[in-house]
Colleague: 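The structure's right below; bear with me while I get my questions together.
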Amino acid sequence: MKIKQLADGPYDPNKTETNILEYWLENSFYKPETAQEILGKQGIKNPNKFTIINPPPNAYAKPHMGNVSGYAYQDVFGRRARMLGKKVLMFPGKDHAAQQAEIVYIRDVLAPQGKSKDDFTRDEFYAEAYSYFNKIMKIAQDDEKRIGLSSDFDRDLFTLDPRVAATVYNTFSKMWSDSIVYKGVRIVNWSPGLNSAVADIDTERKEIDSHMYYIKYALPESAKGVHENIKKISTDLTSSYTAKVVQKNKIKNTYLAKVNNNYIYFYSTSTFKENDEINLINIGWSVFLKGSVCAVAVTEENKITGTISEIKNSEIFKAIFNSVNVYDKNIVSNQIPNGSAFLILEDEFTQELNEDDKNLQNKYAKGFIIGTVRPETVFGDTAIAVNPNDERFLDMIEQKIKLNSAYGEIELLVIADPGVDKEFGTGLLKLTPAHSATDYEIYLRYNNSNETRPINYKNVIGKDSKLNHLCGKYEGMHAEDDRDNIANSMEDEGFVVFKEKAKSNIVICERTKTIIQPIMSSQWFIDTDKLKLPALDAVEKEDVKIYPEYMTKKLGVWLKNLRDWPISRSIWWGYRIPVWYKGEITENTDANGNIVLSIGGQEIKNLPEAVEKGLAKLSLPSEFNPILIPGRFAPENANFYAEIKKKYPWAEQIYTGEIDQTFADYEKAFAKTNFENRVVVAHSLGAPAIIDYILDKKIKIKSLILIAPSNPDSANFNSDKDRGFWKNIERISDIANFCENVTVIYSDNDEHFSVQNFKDFIQKLGEGVVSVEELNKAHFATRKYSYHSEELANLLAKYESVYKAEKESLEKDGWVQDNDVFDTWFSSGQWPIATLTAEGLMDYYPTDVMETGYDILELWISRMLMLGLYLTGEVPFKNVYLHGLIKGEDGQKMSKSKGNLVYTEDIISEYGADALRMMYIVGNKAGAGYKVDRQKLKGYRNFLNKIWNVSRFTLSNLGGSSESDLEKIKIKVAEIKIRISPEEIKLEELQTVAKIKITELLEGKDINLIMQSSVATLLKNVDEHFTNFRIGMAAEEIYMHFWHVFADIYIEQIKSKIFLTDREGNPIQRTEGETQERIDTLATLLVIFQKYLQLLHPFIPFLTEEIWQHIPSELKDSETIMYSQLATYRE
RNA sequence: GGGCAGUUAGCUCAAUUGGUAGAGCAAUUCGUUUACACCGAAUAGGUUACAGGUUCGAGUCCUGUACUGCCCACCA
């Protein structure tokens, strides 16, 4: 037995890490197939599976520290599982990041070449982008390997791989037939920067300074009638009064009219003398008219002091008084606070208006004043909404009111909706369903409960952000840039009564930072109602556990509030929506502001109608996609399907559990599959199952190929005929009505067992005319047992050519494919299924851990959960571990613009991958952010050196022993059991005790037993930490224990027992007992040392493997530490 | 406006769910003793943001306050 010695320190990670990486890759240690083989040799015959799908990073950029941090966690889980005897699959991939990648590609690749998207056809653009990203992806993979991620890189999968495409399109197809996906005209977030719709979650809010415009909706003819109302005002000017109002809200007043530096409000209750000098102080606002009494008050900071007359004669007073009033009768504000002061007006406050001055008439006309920060949307108003409990407007609800507005005379319905805040602005909400998500919701709510009298939307802003033909003279003006012009013009006409500065939240596009324009447009949506409930249920029932736990609640709330998910994006980079139209599909705004869809010039109401008329259809890319149904004990008994799937990546394999003869499992699996017009291959018991299913559900399929498990002339047939395929196949005679052709393959003979044969067979059998044996003799005498794979291949090839021919004719026949592509989250939301399906590994589903940053909990985790449950009925992962976001050295979020990006390769070359992994993991907890910390990195580099030197100590002391001693050590090693012995001193508790004292305490005790006990405790604690996903604590505890118990205490204590020479180099004489003690100690040292290496391996794989390689094979259970078995602690 | 998280040593963060507040780095002192100076031995550093409460016992649970960060949201 020879013990290789380690080089002198300090440890240099750069020398060893790349070699170790090469060793792992060369030996394919990362593959589950290798795991199966190695574990098998170790006596673990049926290892449990353990699966982690690596979140695919975006393919377009060089990864920085933040991108890579997740791999450290994923790898810890994976490596530990491997060392616990599991067959580990870690599946890497890269994401095409549709929208973002297209922007980056155009900006960073095309623009510097002086090119733009317009220089390419769609296909050219796609091809060039694909080859570019293909190159870039390699960089990301290098980083993944370099940090030690032990994923099966041979399987690295791109989200635009044809095999993924198959899953993505099949999912869409299933959603199409389940009516979960629809194309609808609906409000969308239109990003002018992307020239595409984006989902809510791709937007962010920003507070900006803007104006609140108070817009007049005048009652026609009311300008003339102004006197009448005023005349009714009664006065009781008996005493002077200083207005003083109990105030509640300090923010709302800033929204109010500010005129001549004073805020002006209306109030009532009290009286003033005409010439009283008064101070009006108030902070509330209320239009108040009872018996035509009106009053005004001002804020405390801006008292109006003056006589009543002076106040009344102020311009603003007149404006407000005349404008913000009433539609009808007596309207009472219900929120006059106690102690309010009121100014009562008299009928002298009237004014003869010049009949010709229309603008003034508008300004002083009675009507509504409604506050808005977006005056340009008034052209899209289709209703006025009030709170149902707002007493001021009770009479008006459900009335249609003719109004003069900035765009002429219109009729608006007043509706009630609880969403309207009666205290905001004037308590009235102008409803613009086409250009406000809020209004759109109210619009939907109203129309859902008032089907007989629906309100409309009116789209007045185009995708170019400009006002359209419905805006009269404002047509062509820009909704954002020309806002002030529009408002000024309205002000001149008297329709903007006053304006004031206000803060407003605008929605901007997260990617391009342009202002989102809510507009009506036809987009593809996923109806999330049917998807979110199972997801919500899974979260609540803890079918999927989320770490940190508090994020569970966050996800639940998000799911509950989820609206329909827009999945179409108007870009080229991604999966093109597989729906075809008979001619161009166009979207126009008609005279009423409705969005009208036409296909090839023919107007359609909605897509189902178009489909019915033959103007639209779903047509998946022309990849042949047969459905493969396994026989009993699926899917293992259908291994031959793997061959088919190699040739046809689009083939869709049905996964079932063990099948009983009631076919319950089949039915469950079938329900998730769309059989419509497909070629179906069914093996053995799958054949009767699918026949029954097709007949029951009345599904039309294209072709059915049945593979019989036995041949009627086989020796087994007599027993087979009463069960399985043969017993259950009776209904085959009816199937001809549901598919174009049926073929049964069971022999080497080219003759097929046709439907007609079967019909005859079954009929005669049923009539008792023939026996099975007779038929067997007549028809099957020459057939052999095994099924004919070549024949199956030929058949499929034939169907494929038919299938492709059909598809290719689409464009010739004038069909045009939808121009949009899927949202990137639509495809990545199916990632666990797409990856495993692509490799035929669905038996690894559901996966064990999904590890990712908490920032994409809603974006990604939720989608995977919904789609996973939808497609398979099972959660895609059992645990979700969310790591915190890593910040730059300055403590700020890392971003290119801040210039604080730290690249992984720089850190690794300075400190090594192991130290970096430690920095990511030790002492950190799920969900909590942390900084790139060079002090920590230095500390962990020192730790690695410590391990190196402890290893040198251990190996050199073993190496110094004689061959016979080594043999004795080997025997002793096998006897050592790491157990907790409760009576002994606990070493881990002595860390803070002075070292001299420890030596005293240990006098006469068996240090080896005490150490074993201490390590056992460590093992147990680490188990617990892992069970609860506290990996940061696990790492920290191992670190502490290794350094301060093992190195500082144990090794110091045993030195005298194992050294062969004294300080002067003279040999030490030992008694027989002392020699035995030395052997025992070295054996214990070795066992414990290995245990530490194993415990440390998931965290610092490179160093531990390097050291492991120096331990002689005779003294270890596995050549690589990756597969050495670290049993969990058992009492 | 709502929700969630956080506030602990000079700095960065832990504390296994209520049981003596810890680590790394930094600081001070000592020590080059056959693994290690990328080391060892020792020292100092805390009213756990604040104010109450429950408890034998609170960093941890409850109530409130003040900051910080994140997410969500229909105040037009």
Side-chain angles (χ1 to χ4, degrees), chain A residues 6 8-12 200-201 204-205 212-213 251-252 255 370-374 377 385 417-432 435-442 445 502 504-505 548-551 553-554 557-558 561 854-855 857-858 884-885 891 893 911 915 918-919 922-925 927-957 960 991-992 994-996 1021-1022 1024-1025 1027-1028 1030 1032-1034 1036-1037 1039-1040 1043-1044 1047-1048 1051-1052 1055 1059-1065:
Chain A
L6 290 165
D8 283 355
Y11 170 63
D12 181 1
D200 288 344
I201 200 151
E204 53 190 41
R205 271 150 213 276
M212 179 74 114
Y213 300 91
I251 294 169
K252 281 180 182 167
Y255 286 104
I370 304 182
T372 180
V373 290
R374 301 196 59 195
T377 61
D417 189 279
V420 180
D421 183 348
K422 54 189 180 182
E423 291 177 37
F424 185 83
T426 54
L428 296 158
L429 170 64
K430 62 192 251 336
L431 206 68
T432 320
H435 301 294
S436 154
T438 318
D439 294 4
Y440 186 77
E441 297 263 303
I442 295 175
R445 262 202 297 271
S504 119
N505 276 319
E549 218 168 311
Y550 64 81
M551 295 275 185
K553 207 171 158 188
K554 201 175 147 192
V557 169
W558 190 82
N561 297 331
Y854 74 85
D855 56 326
L857 174 68
E858 291 97 338
L885 298 192
K893 194 176 169 182
Y911 302 97
M918 289 293 275
M919 191 210 78
V922 183
N924 289 321
K925 54 181 179 180
Y930 53 98
K931 301 202 298 187
V932 174
D933 188 341
R934 284 177 192 271
Q935 287 184 335
K936 264 190 161 187
L937 283 164
K938 216 171 114 189
Y940 297 129
R941 188 198 60 194
N942 294 353
F943 177 58
L944 298 181
N945 193 51
K946 187 76 184 178
I947 299 171
W948 186 258
N949 282 306
V950 168
S951 305
R952 287 181 58 220
F953 174 86
T954 306
L955 294 171
S956 68
N957 277 292
Q991 285 176 60
T992 52
K995 294 292 176 288
I996 301 168
N1021 290 348
V1022 170
E1024 273 176 28
H1025 290 319
T1027 308
N1028 296 302
R1030 291 190 300 257
M1033 278 193 70
E1036 191 170 339
E1037 193 160 336
Y1039 172 101
M1040 294 297 300
W1043 200 319
H1044 300 300
D1048 288 351
I1051 287 186
E1052 291 306 321
K1055 277 180 175 171
F1059 284 154
L1060 291 170
T1061 56
D1062 64 15
R1063 274 175 212 179
E1064 283 76 42

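Lettering of chains follows the sequences in order, A, B, ..., and the numbering in each one begins at 1. Every heavy atom of this structure was used, including side-chain atoms; hydrogens, water molecules and symmetry mates were not. Computed from a predicted model, the values in this text were never measured in an experiment.
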Colleague: Using a cutoff of under 3.5 Å, can you pull out all pairs of nitrogen or oxygen atoms linking the protein to nucleotides 22-29 of chain B, with atom names and distances?
Modeller:
residue : atom : partner   : partner atom : Å
rC25(B) : O2'  : Gln935(A) : OE1          : 3.3
rC25(B) : O2'  : Gln935(A) : NE2          : 2.6

Colleague: Just by modelled atom types, is the Arg941(A) backbone N or O under 3.5 Å from a matching donor or acceptor in the Asn945(A) side chain?
Modeller: no

Colleague: Does Glu1052(A) have more than 12 heavy atoms from other residues, nucleotides or ligands lying within 6.0 Å of its CD?
Modeller: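 More than 12 heavy atoms, drawn from other residues, nucleotides or ligands, come within 6.0 Å of this atom.
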
Colleague: Is the Phe1059(A) ring parallel, tilted or perpendicular to the Phe953(A) ring (thresholds 30°, 60°)?
Modeller: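 Geometry flag for Phe953(A) against Phe1059(A): perpendicular rings.
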
Colleague: Could you work out the separation of rC38(B) and rC25(B) based on their P atoms and round it to a whole Å?
Modeller: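 Roughly 13 Å separates the two P atoms.
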
Colleague: Starting at CG of Asn1028(A) and ending at P of rU16(B), how long is that distance when rounded to a whole Å?
Modeller: 11 Å

Colleague: Decide, yes or no, whether a salt bridge links Asp8(A) with Arg952(A) under the criterion of side-chain N to carboxylate O below 4.0 Å.
Modeller: yes

Colleague: How many whole angstroms separate atom OH of Tyr854(A) from atom P of rG69(B)?
Modeller: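 Spelled out: OH on Tyr854(A) to P on rG69(B) is 13 Å.
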
Colleague: Could you give the distance from OG1 (Thr377(A)) to CG (Leu431(A)), rounded to the nearest 0.5 Å?
Modeller: 10.0 Å

Colleague: Atom CE of Met919(A) and atom CZ of Arg934(A): how far apart are they, to the nearest 0.5 Å?
Modeller: 10.0 Å

Colleague: Mind checking the NE2-CD spacing from His1025(A) to Glu1037(A)? Nearest 0.5 Å is all I need.
Modeller: 4.0 Å

Colleague: Rounding to an integer number of angstrom, what distance separates rU20(B) and rG57(B) when you compare their C1' atoms?
Modeller: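 Between the two C1' atoms, the distance is 11 Å.
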
Colleague: Under 4.0 Å, heavy atoms only, any strand: does Asn957(A) hit a base, just the sugar-phosphate, or nothing?
Modeller: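 Nothing, no heavy atom under 4.0 Å.
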
Colleague: Sequence neighbours excluded, which residues qualify as salt bridge (charged side-chain N to carboxylate O under 4.0 Å, His left out) partners of Lys936(A)?
Modeller: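 With sequence neighbours excluded, Lys936(A) shows a salt bridge (charged side-chain N to carboxylate O under 4.0 Å, His left out) to no residue whatsoever.
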
Colleague: Could you tell me how far apart Met919(A) (CE) and rA14(B) (P) are, to the nearest whole angstrom?
Modeller: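 Distance, rounded to whole Å: 14 Å.
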
Colleague: Mapping Asp1062(A) and Asn1021(A) onto RNA chain B by nearest heavy atom, which one lands closer to the 5' end?
Modeller: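 The residue closer to the strand's 5' end, by nearest nucleotide, is Asn1021(A).
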
Colleague: With heavy atoms under 4.0 Å as the rule, sort Thr1061(A) into base, sugar-phosphate or nothing.
Modeller: base

Colleague: Any idea which of rU34(B), rG40(B), rA76(B) is nearest the Val420(A) side chain?
Modeller: rA76(B)

Colleague: Which is it for rU43(B), anti or syn, if anything within 90° of zero counts as syn?
Modeller: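 Anti, angle beyond 90° from zero.
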
Colleague: Using atom P in both nucleotides, what's the gap between rG24(B) and rG19(B) to the nearest angstrom?
Modeller: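 After rounding to an integer number of Å, I get 23 Å for this pair.
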
Colleague: What distance separates Asp933(A) CG from Tyr940(A) OH, expressed to the nearest 0.5 Å?
Modeller: 8.5 Å

Colleague: With heavy atoms under 4.0 Å as the rule, sort Lys430(A) into base, sugar-phosphate or nothing.
Modeller: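 No contact.
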
Colleague: Quick one: Trp948(A) CH2 to rA37(B) C1', roughly how many Å, whole number?
Modeller: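 Rounded to whole Å, this separation is 18 Å.
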
Colleague: Expressed in whole Å, how much space separates the C1' atoms belonging to rA35(B) and rA44(B)?
Modeller: 30 Å

Colleague: Base, sugar-phosphate or nothing for Arg941(A)? Non-hydrogen atoms, less than 4.0 Å.
Modeller: base

Colleague: For Asn561(A) and rC71(B), what is the distance between atoms CG and C1' respectively, to the nearest whole Å?
Modeller: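 Result: 12 Å.
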
Colleague: Looking at rA76(B), rU16(B), rA35(B), which one has an atom nearest to any side-chain atom of Thr372(A)?
Modeller: rA76(B)

Colleague: Look up atom CG in Asp417(A) and atom CG in Leu429(A), then write down how far apart they are to the nearest 0.5 Å.
Modeller: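 Output value for this atom pair is 8.5 Å.
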
Colleague: Quick one: Asp439(A) CG to rA76(B) P, roughly how many Å, whole number?
Modeller: 11 Å

Colleague: Whether Lys554(A) contacts rC71(B) is assessed here as follows: a side-chain N or O lying under 4.0 Å from the phosphate OP1 or OP2. Is that the case?
Modeller: no

Colleague: Calculate the interatomic distance between Phe943(A) atom CZ and rA35(B) atom C1'; express it in whole Å.
Modeller: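 For the pair Phe943(A) CZ and rA35(B) C1', the rounded distance is 15 Å.
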
Colleague: Choosing from rG40(B), rC4(B), rA35(B), which nucleotide comes nearest the side chain of Lys553(A)?
Modeller: rC4(B)

Colleague: Could you tell me whether a side-chain N or O of Thr432(A) sits under 3.5 Å from a main-chain N or O of His435(A), the two making a donor and an acceptor?
Modeller: no

Colleague: Quick check: on RNA chain B, is the nucleotide nearest Phe1059(A) upstream (toward 5') of the one nearest Glu549(A), or the reverse? Name the residue that is more 5'.
Modeller: Glu549(A)

Colleague: Would you measure the distance from the P atom in rU47(B) across to the matching atom in rU63(B) and give it in whole Å?
Modeller: 27 Å

Colleague: Among rA14(B), rG40(B), rC71(B), which is the nearest nucleotide to the side chain of Glu858(A)?
Modeller: rC71(B)

Colleague: So what is the 5' to 3' dot-bracket string for RNA chain B, if pairs are Watson-Crick or G-U wobble with both distances under 3.5 Å, crossing pairs use [ ] and | means the partner sits on another strand?
Modeller: (((((((..((((.....[..)))).(((((.......))))).....(((((..]....))))))))))))....

Colleague: Please classify the nucleic acid contact of Ala385(A) as base, sugar-phosphate, or nothing, using heavy-atom distances under 4.0 Å.
Modeller: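 Since no nucleic acid heavy atom lies under 4.0 Å of Ala385(A), the category is nothing.
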
Colleague: Roughly how many Å is it from CG in Asp1048(A) to P in rA42(B), rounded to a whole number?
Modeller: 9 Å

Colleague: Quick one: pull up CG in Leu937(A) and CG in Asn942(A) and give me the separation to the nearest 0.5 Å.
Modeller: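 Spacing of CG (Leu937(A)) from CG (Asn942(A)) equals 11.0 Å.
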
Colleague: Measuring only the C1' atom in each nucleotide, how far is rG22(B) from rG3(B)? A whole number of Å is fine.
Modeller: 32 Å

Colleague: Rounded to whole angstrom, note down the C1' distance from rU7(B) over to rA51(B).
Modeller: 16 Å

Colleague: Name the closest nucleotide to the Arg952(A) side chain, picking from rU16(B), rC4(B), rC36(B).
Modeller: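 Of all the options, the side chain of Arg952(A) is nearest to rC36(B).
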
Colleague: Please give the distance between the P atoms of rC11(B) and rA76(B) as a whole number of Å.
Modeller: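 About 41 Å, rounded to a whole number of Å.
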
Colleague: Determine the contact category for Glu1052(A): base if any of its heavy atoms lies under 4.0 Å from a base atom, sugar-phosphate if only primed atoms, P, OP1 or OP2 are that close, otherwise nothing.
Modeller: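 Since a base atom lies under 4.0 Å of Glu1052(A), the category is base.
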
Colleague: How is Ile1051(A) classified with respect to the nucleic acid when contacts are heavy atoms under 4.0 Å: base, sugar-phosphate, or nothing?
Modeller: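 It contacts base atoms.
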
